[in-house]
Amino acid sequence: MAALLSVHDLCYTYHTPKADTPALADISFSVEKGEFVSIVGPSGCGKSTLLSLVAGLAIPDQGHITLHTQASHPVGYMFQRDHLLEWRSIFSNACLGLEIRGAMNDKNQENVRQMLRQYGLGDFMEHRPSQLSGGMRQRAALVRTLALQPELLLLDEPFSALDYQTRITVADEIWQILRQSGKTAVLVTHDISEAISLGDRVMVLSARPGRIMYDIRTDFGPDRTPLSVRSHPAFQTYFQQIWQAMVQMEGVDHHGKS
Amino acid sequence: MASREQYLKDLRIRAHVITLGRIAVLVLFLALWEFSARVGWLDTFIFSSPVALWHTFIDMVRDGSIFLHTGITLYETLLSFMISTILGIIIAVLLWWCPRVRDISEPYWVALNSLPKSALAPILIVWFGNTTKSILITSISLTIVSTILTMLNGFLSVDPDKLTLIRSFGGTKRQILTKILLPGNIPVLMNVLKVNIGLCLIGVIIGEFLSAKAGLGYLIIYGSQIFKMNWVILSILILCLLAVAFYQLILWIATIYEKRRG
């Protein structure tokens, strides 16, 4: 399979009057078309920064990000919170990206309606965001992102604002949606179980400055779903592996400081 | 279900008691005032009386002067309200748009905001002459700075992730303004409107005190100078009613907006 995204020697530093904080150092990886990659790491390791760089919302100090695609809007971004606008209906919220891109034609609007119906929001198109549950809101936010038909989805802890039960269900739903539509996705999270259950690959990022310490391919067979792999025998093994890697990283960190 | 009926009945009774109580306070106040004036506890030359005020009111309705004075104050208040609100929003947008200008000018806005603006009125009258223009400018100077700062603060406190959302769709600064900042700050605007309508009325009265040939402010000053206390007190009562009516108008606009929003 061909790589959709390749990142080469990426470095990024935050400047403040007091000091320069290196957020990311020497990040290189590539993501293949159709792959779901999870990036897990402690808070403040620059996970979100990495996504902003890939989305083109920030400019790297060093290194290259290459997207191998012809799509007009190749990258979609999902946030921790859904950021649905309360003064718009669900349908109108889902069309926000199309509006901004000047692509509000009948075909695209029908596509949005079709997706809303498909994802169980058909009866809520004219509702206000506050009338929907957290899971439904996050699905509406997904439709808003998918409306522009991006090839690569960047998921910035999109489930962490939901309560535990909803989080697992919504993660499962969204994973299914992305898989069925053949989208490529990069998820960042601090939740190891979430990273393993969703990702074909899990990368572990070290504490600041973030470096890739670990990159493993999870193998749960072809019938994997985020929910089913949680009870797969290999799940605990991967969990232990990643847990150990993160504990070791912290140990090195503490040692270095003392 | 009996208890629910009882509860609803109690609720109705309470609402009636409150309405009746409010009317009773007014009636009692007017009766006490009239009574005190008749038995000589109050000097009617200074304090007037409800019946005397009613006669003055009827006289002024007959010669039309009450409509002239109220109309002028009404007109000046609404005009300065519209100018200061619209101009204030435009300046707030410009300051949001140009962070450099915002940072440079910030201490001056803060200074202007804490200045008691009524202190400017006499100098404005000198600069702009004894005209309606100076009354409008007095009123606008009273409201515009707080309008600018409140709206700007509203723009700046929008969740930065919402702005990133627009940028992630490739949106421009103008789209951030029209899709997020303006619609998201309608509740802030409604509060600004409520404050401004009251402040504009104050501004117009201050202006009319200093330079006017008509208007309720003029009537109050002129009446107090020639000891026509009936005019003064009547004007104050009308001002009271105007202030309440203005406030209700804004509430009505807010309700209509809420309804349209669904």
Side-chain angles (χ1 to χ4, degrees), chain A residues 48-49 51-59 71-104 124-131 140-141 144-150 152-158 161, chain B residues 85 89 92-93 96-97 99-100 102-104 106 150-194 250-262:
Chain A
S48 299
T49 310
L51 288 196
S52 326
L53 290 170
V54 174
L57 297 170
I59 308 292
S72 65
H73 184 78
V75 180
Y77 204 107
M78 272 189 83
F79 296 84
Q80 188 168 356
R81 286 172 42 226
D82 52 65
H83 292 299
L84 296 175
L85 306 175
E86 193 48 44
W87 56 89
R88 285 167 170 256
S89 67
I90 291 301
F91 175 72
S92 166
N93 262 295
C95 291
L96 183 67
L98 294 174
E99 251 180 72
I100 286 169
R101 288 251 134 185
M104 277 292 271
F124 298 92
M125 289 191 202
E126 295 312 315
H127 282 54
R128 300 283 146 182
S130 57
Q131 295 171 295
R144 180 182 61 195
T145 309
L146 293 179
L148 288 169
Q149 298 167 339
L152 173 65
L153 265 99
L154 304 176
L155 312 173
D156 190 354
E157 307 207 25
Chain B
T85 307
I89 293 171
V93 167
W96 171 78
W97 196 280
R100 191 62 59 85
R102 178 170 78 229
D103 291 343
I104 290 173
E106 193 200 347
T150 311
M151 288 312 295
L152 181 61
N153 195 29
F155 293 157
L156 293 177
S157 48
V158 168
D159 186 338
D161 272 357
K162 286 209 164 62
L163 311 187
T164 312
L165 172 72
I166 300 293
R167 291 209 299 134
S168 79
F169 288 129
T172 59
K173 204 166 180 178
R174 197 173 58 82
Q175 284 171 322
I176 288 179
L177 182 70
T178 54
K179 305 278 181 206
I180 304 281
L181 295 187
L182 292 179
N185 277 292
I186 296 289
V188 175
L189 177 65
M190 288 300 160
N191 281 330
V192 164
L193 295 185
K194 278 184 209 164
I250 302 297
L251 283 187
W252 180 68
I253 291 173
T255 320
I256 286 187
Y257 170 75
E258 284 294 322
K259 267 204 194 122
R260 252 196 49 205
R261 208 169 108 170

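We name chains A, B, ... by the order of the sequence lines, and we start the count at 1 in each one.
Counting heavy atoms from C-beta outward, B:Leu152 and B:Trp96 have side chains that approach closer than 4.5 Å. Between B:Thr150 and B:Asn191, the closest side-chain pair of non-hydrogen atoms is not below 4.5 Å. Residues A:Phe124 and A:Gln131 fail the side-chain proximity criterion, which asks for heavy atoms closer than 4.5 Å.
Using modelled atom types, one side-chain atom of B:Gln175 and one backbone atom of B:Thr172 make a donor-acceptor pair closer than 3.5 Å.
Put simply, of A:Glu86, A:Arg101, A:Glu126, the one with the most heavy-atom pairs under 4.5 Å next to chain B is A:Arg101. Taking B:Leu165, B:Thr164, B:Ile186 one by one and counting their heavy-atom pairs under 4.5 Å with chain A, the maximum is reached by B:Leu165.
Contacts of A:Arg144 with chain B are made by both backbone and side-chain atoms, with heavy-atom separations under 4.5 Å. A:Leu148 touches chain B through its side chain: at least one heavy atom from C-beta onward sits under 4.5 Å away, while N, CA, C and O do not. When heavy atoms are compared at a cutoff of 4.5 Å, A:His73 approaches chain B solely by way of its side chain, counted from C-beta outward.
For the side-chain contact (heavy atoms from CB on, under 4.5 Å) criterion with B:Asn185, the lone passing option out of B:Val188, B:Leu189, B:Leu182 is B:Val188.
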